[in-house]
Amino acid sequence: MNKQDFMKLAIDLSIENIDKGGGPFGAVIVKDNKVIAASGNSVTNDLDPTAHAEVNAIRKAAKVLGNFDLSGCEIYASCEPCPMCLGAIYWARIDKLYFANTKTDADKIGFSDKFIYDEFDKKVSERDLKTENFMREEALEAFRIWENSQIKTEY
């Protein structure tokens, strides 16, 4: 299979997903030229705001490979990933991202990420999400324990 074949799978998933009551998004994860995982968006079906196609595919791929580190994998997304999905792709250490529709295309049909990108540029105290930082010293205890742990798995 080639890049076009993998992207066609992601696009087909995005179209099929609409008939299943999900959003128009699909994602495929490939390793060594083989599909490891594929998923559509299931936010509304699962009542889970994090169940975007890319996140769902990452979760499946991690289980298939038995590892949270997806180095050596590529992801094909039917649309440019939102900030959450892009963050998940980075955390999963996926080597390469391919996408078809752009975030501008998504915005035109009501899926806008602009407000999130705008929030990132604001100081914490100026964000729309009211945020308060407190009990930091108490919480640092977990970080100290982690830092000195001999049984931790770094990620």
Side-chain angles (χ1 to χ4, degrees), residues 6-7 9-10 13-14 17 20-104 106-107 110-155:
F6 295 130
M7 185 59 78
L9 285 174
L13 272 170
S14 72
N17 205 50
K20 296 177 183 175
F25 304 97
V28 174
I29 296 180
V30 173
K31 184 169 187 171
D32 299 327
N33 209 39
K34 292 180 184 157
V35 174
I36 301 301
S39 185
N41 171 296
S42 62
V43 169
T44 53
N45 292 333
D46 293 344
L47 304 177
D48 179 352
T50 69
H52 291 199
E54 299 90 338
V55 171
N56 287 344
I58 288 168
R59 289 173 178 155
K60 288 180 178 183
K63 285 184 180 176
V64 166
L65 296 174
N67 199 332
F68 56 82
D69 184 338
L70 302 183
S71 296
C73 293
E74 300 175 335
I75 188 166
Y76 293 79
S78 66
C79 186
E80 184 173 358
C82 74
M84 175 186 69
C85 292
L86 188 58
I89 290 166
Y90 275 105
W91 279 113
R93 295 183 180 98
I94 291 173
D95 290 355
K96 188 154 188 180
L97 161 67
Y98 300 93
F99 65 87
N101 290 322
T102 67
K103 62 184 176 185
T104 303
D107 184 41
F111 293 96
S112 179
D113 300 328
K114 184 179 179 325
F115 76 99
I116 297 172
Y117 286 108
D118 291 345
E119 286 288 289
F120 287 159
D121 290 336
K122 295 178 185 177
K123 292 180 184 175
V124 172
S125 62
E126 296 172 357
R127 292 182 182 161
D128 288 345
L129 176 62
K130 301 304 174 213
T131 304
E132 183 179 340
N133 176 231
F134 72 105
M135 294 187 70
R136 179 174 171 262
E137 285 304 317
E138 292 85 347
L140 283 172
E141 180 62 19
F143 285 7
R144 286 193 274 287
I145 293 168
W146 170 263
E147 187 175 39
N148 296 313
S149 175
Q150 300 301 311
I151 60 168
K152 67 184 172 200
T153 300
E154 303 234 8
Y155 58 98

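Bear in mind that the values here come from a model prediction, so they are computed numbers and not experimental data. We use all heavy atoms of the structure for the numbers below, so side chains are in, but hydrogens, waters and symmetry mates are not.
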Is there a donor-acceptor contact under 3.5 Å from the side chain of N41 to the main chain of V43? yes
>> Strictly distance-based, threshold 3.5 Å: is any side-chain N or O of D95 a donor or acceptor partner for the main-chain N or O of S71?
In response: no
To the nearest 0.5 Å, atom NZ of K31 lies from atom CD1 of I75 at 14.5 Å
In short, A10 meets A77 closest at the heavy-atom pair CB-C, 4.3 Å
Rounding to 0.5 Å, atoms CD (E74) and CD1 (I36) come to a distance of 11.0 Å
Output for pair (S125 OG, E132 CD), nearest 0.5 Å, gives 12.0 Å
Closest heavy-atom pair, N45 versus G21, reported as atoms and distance to 0.1 Å, is OD1-O, 3.5 Å
- Message: Quick check: do T153 and F68 have side-chain heavy atoms less than 4.5 Å from each other?
- Response: yes
**Report entry** From CA spacing to verdict: side chain to side chain contact (heavy atoms under 4.5 Å, CB included), I116, C82
**Finding:** CA-CA 9 Å; I116 297 172; C82 74; 5.9 Å; no
dist R127:CZ -> D121:CG (nearest 0.5 Å) comes out at 9.0 Å
Item to complete: Indicate yes or no: at least one non-hydrogen side-chain atom of L65 is less than 4.5 angstrom from one of C73.
Response: yes
Note, N17 side chain near F25 side chain (heavy atom, < 4.5 Å):
no
**Q.** Aromatic ring pairing Y98/Y76, orientation class (parallel under 30°, perpendicular over 60°, tilted between)
**A.** parallel
- Could you tell me whether the side chain of L97 reaches within less than 4.5 Å of the side chain of P81, counting heavy atoms only? yes
| query | Is it true that E154 and K152 have a side-chain N and a carboxylate O under 4.0 angstrom from each other? | reply | yes
* Side-chain touch F111/C79, heavy atoms, less than 4.5 angstrom -> no
Q: Keeping the roles fixed (side chain from D113, backbone from K103), state whether a donor-acceptor pair exists under 3.5 Å.
A: no
Contacts of D128 meeting side chain to side chain contact (heavy atoms under 4.5 Å, CB included) (sequence neighbours excluded), chain-then-number -> E119, K122
In this structure, CZ of R59 is separated from OG1 of T50 (nearest 0.5 Å) by 4.0 Å
Report task. Measure from the side-chain N and O atoms of D69 to the backbone N and O of Y155, and report whether any donor-acceptor pair falls under 3.5 Å. Result -> no
Heavy-atom nearest pair, A92 first then I58, reads CB-CG2, 4.1 Å
I want to check something: taking the side chain as every heavy atom from C-beta on, are I94 and E54 in contact at a cut-off of under 4.5 Å? no
Quiz item: Taking C-beta and beyond as the side chain, do N133 and V124 meet within less than 4.5 Å on heavy atoms?
Solution: no
Item to complete: Spell out, as yes or no, whether a donor-acceptor pair under 3.5 Å connects the side chain of S78 to the backbone of L13.
Response: no
What pairs of donor and acceptor atoms, side-chain ones from residues 137-145 against any protein atom, are under 3.5 angstrom apart with sequence neighbours left out?
none

One should read off an interatomic distance between S39 OG and I29 CD1, to the nearest 0.5 angstrom, of 9.5 Å
